[in-house]
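Scroll down for the structure; my scribbles are underneath it.
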Amino acid sequence: MWLTVCFALTLVLVYFYFFWSWLQVLRIKNRFSRTNRTAKESGGYRDLQMVIQFPGSVDLLMEVQLHLKVFYELKASVAASEDAHGQTGHERYIEFRGMKELAEFKRQQESVNNS
């Protein structure tokens with residue numbers, strides 16, 4: 001994985017166009033987009049993620065993450081800080097994702113049982 005932290009959105013665009021022009025971009029997840037459907041799932045976090053393939057390579061793929069400095073620094077500080085129960089921000093996020101996935105599973109089960 002290659003992670004780049006940019007101080008302005010224009011730099012994110014510069015990096016994006018570089019990758020788009022020189023490498024094969026296989027997948028893009030643009031969480032900067034105003035139409036970002038995953039905003040609730042990501043807790044409102046914003047970044048741009050790409051999976052790229054190098055020219056002439058079939059097997060070599062790399063994930064590239066482009067972050068804005070303000071979001072990245074906030075994420076890093078919260079991820080390391082502990083709450084009153086001793087959990088870090090990252091541990092709370094993992095717990096949140098687990099509860100969300102369990103709720104989605106139960107909702108699907110109820111939908112199957114009611115049909």
Side-chain angles (χ1 to χ4, degrees):
M1 176 180 68
W2 178 23
L3 183 132
T4 299
V5 179
C6 304
F7 67 89
L9 192 55
T10 35
L11 282 177
V12 171
L13 292 172
V14 167
Y15 276 106
F16 170 74
Y17 285 116
F18 168 78
F19 286 111
W20 188 261
S21 301
W22 294 99
L23 302 168
Q24 172 129 14
V25 178
L26 303 177
R27 181 181 66 89
I28 299 172
K29 184 187 271 186
N30 181 5
R31 292 195 292 200
F32 289 117
S33 172
R34 292 178 194 219
T35 60
N36 177 13
R37 292 185 215 136
T38 63
K40 287 183 181 178
E41 295 173 13
S42 66
Y45 190 75
R46 299 288 187 254
D47 66 358
L48 186 118
Q49 299 175 359
M50 296 178 282
V51 175
I52 60 171
Q53 184 175 25
F54 291 90
S57 170
V58 177
D59 299 328
L60 185 58
L61 304 178
M62 184 169 72
E63 180 180 64
V64 175
Q65 296 182 3
L66 303 174
H67 299 265
L68 279 177
K69 184 177 181 184
V70 64
F71 283 116
Y72 186 77
E73 288 177 346
L74 179 62
K75 176 182 160 183
S77 68
V78 170
S81 66
E82 293 184 359
D83 64 10
H85 304 287
Q87 284 187 308
T88 65
H90 186 67
E91 290 168 336
R92 290 189 302 274
Y93 174 74
I94 291 170
E95 187 176 336
F96 164 76
R97 289 290 301 257
M99 290 187 302
K100 185 176 156 302
E101 289 171 10
L102 180 61
E104 181 62 29
F105 175 75
K106 287 182 177 184
R107 187 175 19 248
Q108 290 175 356
Q109 289 290 73
E110 289 175 6
S111 176
V112 168
N113 292 338
N114 292 334
S115 19

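Distance check, rounded to the nearest 0.5 Å: CD of E73 to NE2 of H67 gives 12.5 Å. Between the CZ atom in F19 and the OG1 atom in T4 there is a gap of 6.0 Å [rounded to 0.5 Å]. Put simply, CZ on R107 and CG on L102 are 10.5 Å apart, with the number rounded to the nearest 0.5 Å. Note that CE of M62 and CD1 of I52 are 4.0 Å apart. Values are rounded to the nearest 0.5 Å.
Note on L3: it clusters hydrophobically with L9, by side-chain heavy-atom contacts below 4.5 Å among ILVMFWY residues. Linking ILVMFWY side-chain heavy atoms closer than 4.5 Å, directly or via other members, places V5 and V70 in a single hydrophobic cluster. In the hydrophobic clustering of this structure, Y17 groups with W22; members are Ile, Leu, Val, Met, Phe, Trp, Tyr whose side-chain heavy atoms approach within less than 4.5 Å, directly or through other members. Hydrophobic clustering of Ile, Leu, Val, Met, Phe, Trp and Tyr side chains at less than 4.5 Å, counting indirect connections, keeps L11 apart from V64. Under the 4.5 Å side-chain heavy-atom criterion for ILVMFWY residues, no single connected hydrophobic cluster contains both V51 and L60.
Side-chain N or O atoms of R46 include one that pairs as donor or acceptor with a backbone N or O of R31 at under 3.5 Å. Checking side-chain atoms of E110 against main-chain N and O of N114 turns up no donor-acceptor pair under 3.5 Å.
In this structure the side chain of E63 reaches within 4.5 angstrom of the side chain of R27, judged on heavy atoms. You'll find the side chain of L23 reaches within 4.5 Å of the side chain of P55, heavy atoms only. Looking at heavy atoms from C-beta onward, K100 lies out of side-chain contact with E104 at the 4.5 angstrom threshold.
Across all their heavy atoms, L68 and F7 have their closest contact at CD2-C, 4.4 Å. The minimum heavy-atom distance linking L66 with F16 is given by the pair CD1-N, 4.0 Å. Across every non-hydrogen atom of I28 and M50, the tightest pair is CG1-CG, 4.1 Å.
No more than 12 heavy atoms of other residues, nucleotides or ligands shown are found within 6.0 angstrom of OH on Y15.
E95 has no carboxylate O lying under 4.0 Å from a charged side-chain N of R92, or vice versa, which leaves the two without a salt bridge.
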